[in-house]
Amino acid sequence: MMMDERLRKQLEFLIEIDKMKLILRQTLTADGSRRENDAEHSWHLAMGAMTLYEHCPFEIDVSHTVKMALVHDLVEIYAGDTFAYDEKGHKDKFERELAAADKLFSMLPDEKQKKEFFDLWREFEDEQTNDARFAAAIDHLLPFINNHLTQGHTWKLNNVKRSSVMKRMASIEQVIPGAWGAVNAIVEDAIKNGWMIDDR
């Protein structure tokens, strides 16, 4: 097939990232019928950025944050999904994902485009910019809500403790302060229902 080399490489990259639909996460869909995949999670995070930015007390570049949301878990095609509360898995998570980023983004046709994708992924991981802090907060909030809607499915399955959840959710208080009360209410409800271990 006759095709411009740049376009061919970009299409090959897009075909490769279709594998994201096959990476299953621990979190169930909100109706509790099945595990969500990475592509669904990334779409939901992007929609969260578009929907919730007005509640962030500092300025956000929504377009940039949406790009970050769409790129942030692409590396899991090769590195796999690491459960949020898996302490052992997090020990080498960054190294695994860095190698995956190099491999995946090297498929792109030139250094400029490779750098664009890599920088978006790295910005999200580092959580140093306002956009990254906002994206990471939503990345924590949406699965948290789904866990509550599914009667603490992954919390119960993995014996997750209150202290671990509160540590993970702590950024919400500064980044989406209007949701902080709901976070605390959900934790208390999960404890009351035996969906989460109360180690307070």
For this session: Please confirm whether the backbone N or O of Asp102 pairs with a side-chain atom of Ser106, one donor and one acceptor, at under 3.5 Å?
Result: yes
Exercise. Going by atom types alone, do Asn146 and Thr27 pair a side-chain donor with an acceptor below 3.5 Å?
Worked result: no
Seminar exercise, completed: In this structure, NE2 of His140 is separated from OG of Ser171 (nearest 0.5 Å) by 6.0 Å
Exercise. Which pair of non-hydrogen atoms, one from Ala49 and one from Thr65, has the smallest distance, and what is that distance?
Worked result: CB-CG2, 3.8 Å
Problem set entry | Full working for side chain to side chain contact (heavy atoms under 4.5 Å, CB included) between Asp131 and Met68 | CA-CA 9 Å; Asp131 292 349; Met68 212 183 313; 3.7 Å; yes
Problem set entry | Glu5, CD: over 12 other non-hydrogen atoms inside 6.0 angstrom | yes
For this session: Find out if a path of hydrophobic residues (ILVMFWY) with successive side-chain heavy-atom gaps under 4.5 Å connects Leu98 to Val75.
Result: yes
Exercise. Within the side chain of Arg25, is there an N or O that forms a donor-acceptor pair under 3.5 Å with the backbone of Asp38?
Worked result: no
Exercise. With a 4.5 Å limit on heavy-atom distance, are the side chains of Phe134 and Thr129 in contact?
Worked result: no
For this session: Please report the C-alpha distance between Leu141 and Val183 in whole Å, then the side-chain angles of each, then the deciding distance to 0.1 Å, and finally whether the side chain to side chain contact (heavy atoms under 4.5 Å, CB included) criterion is met.
Result: CA-CA 8 Å; Leu141 181 63; Val183 167; 4.1 Å; yes
Exercise. Counting distance only, does the side-chain N/O of Asp189 pair as donor-acceptor with the main-chain N or O of Ala185 below 3.5 Å?
Worked result: no
Exercise. Are a donor atom and an acceptor atom from the side chains of Asp73 and Ser42 found within less than 3.5 Å of each other?
Worked result: no
For this session: Please report the closest heavy-atom contact between Ala46 and Leu70, naming both atoms and the distance.
Result: CB-CD2, 4.1 Å
For this session: Mind listing the closest non-hydrogen atom pair of Ala136 and Phe124 along with its distance?
Result: N-CE1, 3.8 Å
For this session: Flag the pair Gln10 / Met107 as yes when at least one side-chain heavy-atom distance between them is below 4.5 Å, and no otherwise.
Result: no
Seminar exercise, completed: Taking every heavy atom of Gln26 against every heavy atom of Asp81, the minimum-distance pair comes out as N-OD2, 4.0 Å
Problem set entry | Separation of Met50 CE from Leu52 CG (nearest 0.5 Å) | 11.5 Å
Seminar exercise, completed: Heavy-atom nearest pair, Asp139 first then His41, reads OD1-NE2, 2.6 Å
Exercise. Does Lys112 come within less than 4.0 Å of Glu116, counting only side-chain N to carboxylate O?
Worked result: no
Problem set entry | Spacing of CG belonging to Leu28 relative to CD belonging to Glu36, to within rounding of 0.5 Å | 8.5 Å
For this session: Flag yes if Ile197 and Ile191 sit in one hydrophobic cluster, no otherwise; membership is Ile, Leu, Val, Met, Phe, Trp, Tyr, and two members link when side-chain heavy atoms are under 4.5 Å apart.
Result: no
Seminar exercise, completed: Checking Trp195, Phe144, Tyr85, Phe83 against Trp155 for ring pair (Phe, Tyr, Trp, His ring centres under 6.0 Å), the one that qualifies is Phe144
Problem set entry | Over all atoms of both residues, closest heavy-atom pair of Pro143 and Ile138 | CD-O, 4.2 Å
Exercise. When rounded to the nearest 0.5 angstrom, what distance separates CD1 in Ile60 from CZ in Phe58?
Worked result: 5.0 Å
Exercise. Taking the side chain from Asp18 and the backbone from Leu14, do they hold a donor-acceptor pair closer than 3.5 Å?
Worked result: no
For this session: Determine whether Met47 and Leu142 fall in the same hydrophobic cluster, where Ile, Leu, Val, Met, Phe, Trp and Tyr are linked whenever their side-chain heavy atoms lie under 4.5 Å apart.
Result: yes
Problem set entry | Between Asp61 and Ser63: side-chain donor-acceptor atoms closer than 3.5 Å | no
Exercise. Hey, does the Lys NZ or Arg CZ of Lys103 hover above the aromatic six-ring of Tyr78, less than 6.0 Å from the centre and inside 45° of the axis?
Worked result: yes
Problem set entry | Any donor-acceptor pair under 3.5 Å from Asn158 side chain to Thr154 backbone | yes
Exercise. Does the side chain of Val71 reach to within under 4.5 Å of the side chain of Phe105, using non-hydrogen atoms?
Worked result: yes
Problem set entry | Arg8 and Glu12: CA distance, side-chain angles, deciding distance, salt bridge (Lys or Arg N to Asp or Glu O under 4.0 Å) verdict | CA-CA 6 Å; Arg8 182 185 66 78; Glu12 286 176 352; 2.4 Å; yes
Exercise. Is the backbone N or O of Glu40 less than 3.5 Å from a side-chain atom of Asn37, with the two atoms forming a donor-acceptor pair by type?
Worked result: yes
Exercise. Are Phe117 and Ile23 joined in one hydrophobic group, where the rule is that I, L, V, M, F, W and Y side chains link up if heavy atoms are under 4.5 Å apart?
Worked result: no
Exercise. Between CZ of Arg133 and CG of Asp126, what distance do you get to the nearest 0.5 Å?
Worked result: 14.0 Å
For this session: Verify whether one side chain among Thr29 and Asp31 offers a donor that lies under 3.5 Å from an acceptor in the other.
Result: yes
For this session: Applying side-chain hydrogen bond (donor to acceptor under 3.5 Å, both in side chains) between Thr82 and each of Lys93, Lys88, Arg96, report the one that passes.
Result: Arg96
Problem set entry | Aromatic ring proximity His153/His148, centre distance under 6.0 Å | no
For this session: Flag the pair Val165 / Met196 as yes when at least one side-chain heavy-atom distance between them is below 4.5 Å, and no otherwise.
Result: yes
Problem set entry | Candidates Glu125, His72, Lys67, Lys115 - the one meeting side-chain contact (heavy atoms from CB on, under 4.5 Å) with Leu120 | Lys67
Exercise. Are side-chain heavy atoms of Lys167 and Lys161 found at a separation under 4.5 Å?
Worked result: no
Problem set entry | No-hydrogen, no-angle side-chain donor-acceptor test under 3.5 Å, Glu123 and Gln128 | no
For this session: Say whether, by atom type as modelled, one donor and one acceptor occur between the side chain of Asp199 and the main chain of Ser163 under 3.5 angstrom.
Result: yes
Exercise. Nearest 0.5 Å, what's the NE2-CG distance between His64 and Asn130?
Worked result: 11.0 Å
Exercise. Is there a path from Val175 to Met169 through hydrophobic residues (I, L, V, M, F, W, Y) whose side chains come within less than 4.5 Å of each other?
Worked result: yes
For this session: Please indicate whether Lys156 has more than 12 foreign heavy atoms, meaning atoms of other residues, nucleotides or ligands, lying under 6.0 Å from its NZ.
Result: yes
Exercise. More than 12 foreign heavy atoms under 6.0 Å from CD of Glu95: is that the case here?
Worked result: yes
